[in-house]
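Reading through the structure tokens given below for one structure.
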Amino acid sequence: MELRKKNRPLSSEYIRGLVEGEGVFTFSSNNLTGSKIPAFVIKMHARDKNLLEMVRDTLGLKNKVYEYNHQGRDGIKRGPRAMLIVREIGNIKNIVVPLFYGKLRGNKGKQFEEWLKKIGGDPAVPESYKLVYKLCISGYYDKNPKFTD
């Protein structure tokens, strides 16, 4: 008897719950230009790579899910990891922010809000990404039914 339904999209609530525990809103540094690129990352043990691929597919992303071996700063090797990272402006603006805007609680909600403020206020963030912050403060994600679920 098959209890799990394969290829069924994940719910938005499930993805948000997963991100509460395993996700991070951060920045990737470009050492050549000195810029900071907003990034959304989910990291898990490599045994859950399939789950990250399901998240990616449910969200309609084309990003690769990377696998790598992790060694801590203490020199101890950890288990293999899988990671989904989203940095593209269109995906941040149209998928990531609408999925989480006003819907995260606790520390992850605070981290998300601080990330948005830094996108809007940090001069090292490219100007094109600042549109994301402007849409947030204008109420765009609150008013547009496409983004309210």
Discussion item. Is it the case that the side chain of Lys103 and the backbone of Pro98 share a donor-acceptor pair, with hydrogens and angles ignored and the cut-off at 3.5 Å?
Written reply: yes
Worksheet, complete the sentence: Applying salt bridge (Lys or Arg N to Asp or Glu O under 4.0 Å) to Glu20 and not counting sequence neighbours gives none
Discussion item. If hydrophobic clusters are built from ILVMFWY residues whose side chains come within less than 4.5 Å, do Leu52 and Tyr68 share one?
Written reply: no
Worksheet entry | Heavy-atom check, side chain of Asp142 versus side chain of Tyr101, under 4.5 Å | yes
Practice prompt. Determine, stepwise, if the pair Val125 / Lys130 fulfils side-chain contact (heavy atoms from CB on, under 4.5 Å).
Written response: CA-CA 7 Å; Val125 173; Lys130 299 208 182 282; 3.9 Å; yes
Worksheet item: Do Leu99 and Met54 sit in the same hydrophobic cluster, where Ile, Leu, Val, Met, Phe, Trp and Tyr count as joined when their side-chain heavy atoms come under 4.5 Å apart?
Response: yes
Worksheet item: CZ/Phe100 to CH2/Trp115 distance, rounded to the nearest 0.5 angstrom?
Response: 9.0 Å
Worksheet item: Arg87: what forms a side-chain hydrogen bond (donor to acceptor under 3.5 Å, both in side chains) with it, not counting sequence neighbours?
Response: Ser28
Practice prompt. For Lys134 and Gly120, indicate whether the former's side chain and the latter's backbone hold a donor-acceptor pair under 3.5 Å.
Written response: no
Practice prompt. Would you please name every residue forming a side-chain hydrogen bond (donor to acceptor under 3.5 Å, both in side chains) with Asp48, sequence neighbours left out?
Written response: none
Worksheet item: For Ser29, what residues pass the side-chain contact (heavy atoms from CB on, under 4.5 Å) criterion, not counting sequence neighbours?
Response: Asn31
Discussion item. For a 4.5 angstrom cut-off between non-hydrogen side-chain atoms, does Leu104 reach Phe25?
Written reply: yes
Worksheet item: With a 4.5 Å limit on heavy-atom distance, are the side chains of Leu18 and Leu51 in contact?
Response: yes
Solution key, residues 32-46 side-chain donor-acceptor pairs under 3.5 Å, sequence neighbours excluded:
unit_1	atom_1	unit_2	atom_2	d
Thr33	OG1	Ser35	N	3.2
Thr33	OG1	Ser35	OG	2.8
Lys36	NZ	Asp122	OD2	3.1
His45	ND1	Arg47	N	3.1

Worksheet item: Of the non-hydrogen atoms in Leu116 and Cys136, which two are nearest, and what is the gap between them?
Response: CD1-SG, 3.9 Å
Discussion item. Between Val19 and Phe112, is there a side-chain heavy-atom distance shorter than 4.5 Å?
Written reply: no
Worksheet entry | Salt-bridge contact Glu67-Lys49 (side-chain N to carboxylate O under 4.0 Å) | yes
Worksheet entry | Counterpart residues, ring pair (Phe, Tyr, Trp, His ring centres under 6.0 Å), relative to Tyr129 (two or more places apart) | none
Discussion item. Test of understanding: clusters of I, L, V, M, F, W, Y form through side-chain heavy atoms closer than 4.5 Å, transitively. Do Val86 and Met83 belong to the same one?
Written reply: no
Worksheet entry | Pairs satisfying side-chain hydrogen bond (donor to acceptor under 3.5 Å, both in side chains), at least one member in residues 51-64, at least two apart | Asn63-Glu88
Discussion item. Could you work out, with side-chain contact (heavy atoms from CB on, under 4.5 Å) as the rule, every residue matching Leu131, not counting sequence neighbours?
Written reply: Lys93, Leu135
Discussion item. Tell me which pairs pass ring-ring contact (aromatic ring centres under 6.0 Å, His included) where either residue lies in residues 79-98, with sequence neighbours left out.
Written reply: none
Practice prompt. Mind jotting down which residue pairs meet the salt bridge (charged side-chain N to carboxylate O under 4.0 Å, His left out) criterion with at least one end in residues 104-116? Sequence neighbours excluded, please.
Written response: none
Worksheet item: Is Lys117 atom NZ crowded by more than 12 heavy atoms from other residues, nucleotides or ligands, each under 6.0 Å away?
Response: no
Discussion item. If hydrophobic clusters are built from ILVMFWY residues whose side chains come within less than 4.5 Å, do Phe27 and Ile89 share one?
Written reply: yes
Discussion item. Tell me whether Tyr66 contacts the main-chain N or O of Leu84 through its side chain, where contact means a donor paired with an acceptor under 3.5 Å.
Written reply: no
Discussion item. Applying a strict under-4.5 Å side-chain criterion to I, L, V, M, F, W and Y, I'd like to know whether Val132 and Val24 cluster together.
Written reply: no
